[in-house]
Engineer: 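To start, I am sharing the structure in question, which I have written as structure tokens.
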Amino acid sequence: MEFPKDFVWGASISAHQTEGNNTNSDWWKWESENKVQHLIDRSGIACDFYNRYSEDLDLCCKANLKAIRLSIEWARIEPRQGMFDTRAIDHYKKVLQAAKEKGLKTFVTLHHFTNPLWFSEIGGWTNLKAPLLFSNYAKKCAETLNDYVDFFITINEPKIYSSMAYLHGVWPPCKKSLLLATWVQIIMAKSHNLAYKKIKSVVGKPVGIVKNISWYEYSSFTPLDKVIAKIHFFLKGALFLNPVAKYSDFIGLNYYFTNRIVKFRIKNPDSPVNDLGWWINYEGLYNVLLSLKKYDLPIFITENGIADSADKYRAGFIKKMLSQVHLAILRGVKVRGYFYWSLLDNYEWHHGFAPKFGLVYVDREHNLKRIPRKSFYVYAEICKNGVVG
Ligand code: IFM
């Protein structure tokens with residue numbers, strides 16, 4: 001399977017999960033106050049990407065990547081409302097400039113789950129002013145970092161964020177309200193649209209959104225399962241995408257798993273699953289990609305990966321997922337790139353450091369030493385030739 005010559009091969013990371021010491025954020029506060037702290041790792045130094053970014057960008061080159069997707073930490077750039085920290089901006093300039101000098105395209109996410117403390121204290125994404133506040137920050141990033149950014153991404157996985165933080169109560173601020181979770185999605189859609197307009201008013205770079213979309217299968221026991229699967233799929237994908245698509249130059253798709261509806265509820269097969277129990281279904285990626293064709297926008301798979309501490313399945317997983325991507329391209333879906341999640345083992349939110357998604361093992365016992373896994377080299381070969389065998 002040969003991919004187009006200009007296909008973008010990449011890997012993704014995010015700020016809080018890798019940089020370390022994100023002390024001014026709501027997540028940092030929550031980690032330190034958490035009542036179930038003994039169950040959950042704190043992000044702490046994470047992978048120390050804040051200091052080791054050059055070494056990690058070298059790893060990208062070693063893997064023959066053409067691009068890196070990373071995120072900017074709002075809490076660092078705007079530590080107090082309306083006060084932008086020039087030292088933090090300079091830091092990100094250095095990181096992004098280093099990526100460019102190493103020949104990497106940069107995909108830069110402006111919000112990846114974490115918020116500045118001041119923002120969370122005024123209600124975060126439930127506050128009616130959130131679109132204005134977020135878009136001010138987005139505009140500042142565009143004005144100051146534009147020279148080193150190829151693609152801007154406003155918000156990562158709004159549905160996951162709103163559900164985990166406002167519906168399931170698992171992430172800060174740990175609310176359990178369907179009303180709030182729905183409201184947060186609306187506010188995030190508005191924030192994306194306003195940020196899009198403000199970024200576009202100062203720079204000409206492509207601006208997009210990143211959505212996590214799972215595929216939904218159904219059993220043939222009852223026709224109702226099909227209806228429930230379709231409703232789930234709509235709620236998880238199109239409900240958010242429809243109102244933001246016209247303010248997006250591309251769609252970023254994060255795909256990890258499929259859910260199967262059996263007798264009205266989710267009941268997935270026991271295998272194959274990743275270390276977190278997520279059901280791995282390759283065709284699901286193809287189906288989601290085909291469902292996005294109607295938007296007629298370029299698509300980047302901004303995340304796809306497997307928690308696999310033994311690195312037993314990762315190389316095969318990547319190849320099988322890519323074969324589905326290839327099929328979708330043959331069917332006319334405009335898939336322009338693929339980013340493996342993640343370059344490094346990192347802080348997997350409320351699961352702590354246990355899940356290992358990385359192409360590169362980070363040895364937490366030995367000074368965070370980076371050790372590329374076998375699958376790293378398999379992916380590197382794919383990225384070098386643009387061919388999946
Ligand atoms: O680690 C996360 C990432 O932050 C967002 N997408 C899913 C990944 C794996 O759970």
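Just so you know, ligand 1 is whichever comes first in the structure, and atom 1 is the first atom listed for that ligand. Everything numeric here is computed off the predicted structure, so don't read it as measured data.
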Engineer: Residues around ligand 1, heavy atom under 4.0 Å from any ligand atom, sorted by chain and number. Can you pull those?
Structural biologist: Q17, H112, F113, N156, E157, Y256, W278, E303, W341, E348, W349, F357
Engineer: Any salt bridge between K334 and D296, counting N to O under 4.0 Å?
Structural biologist: yes
Engineer: With a 4.0 Å cut-off, would you call D249 and K200 a salt bridge?
Structural biologist: yes
Engineer: Please confirm whether the backbone N or O of S214 pairs with a side-chain atom of K236, one donor and one acceptor, at under 3.5 Å?
Structural biologist: no
Engineer: Within a strict 4.5 Å, meaning less than it, do heavy atoms of the L104 and K66 side chains meet?
Structural biologist: no
Engineer: Please, which pairs that meet side-chain hydrogen bond (donor to acceptor under 3.5 Å, both in side chains) have at least one residue in residues 174-185, sequence neighbours excluded?
Structural biologist: none
Engineer: How are the rings of W349 and W171 set to each other: parallel, tilted or perpendicular (split at 30° and 60°)?
Structural biologist: tilted
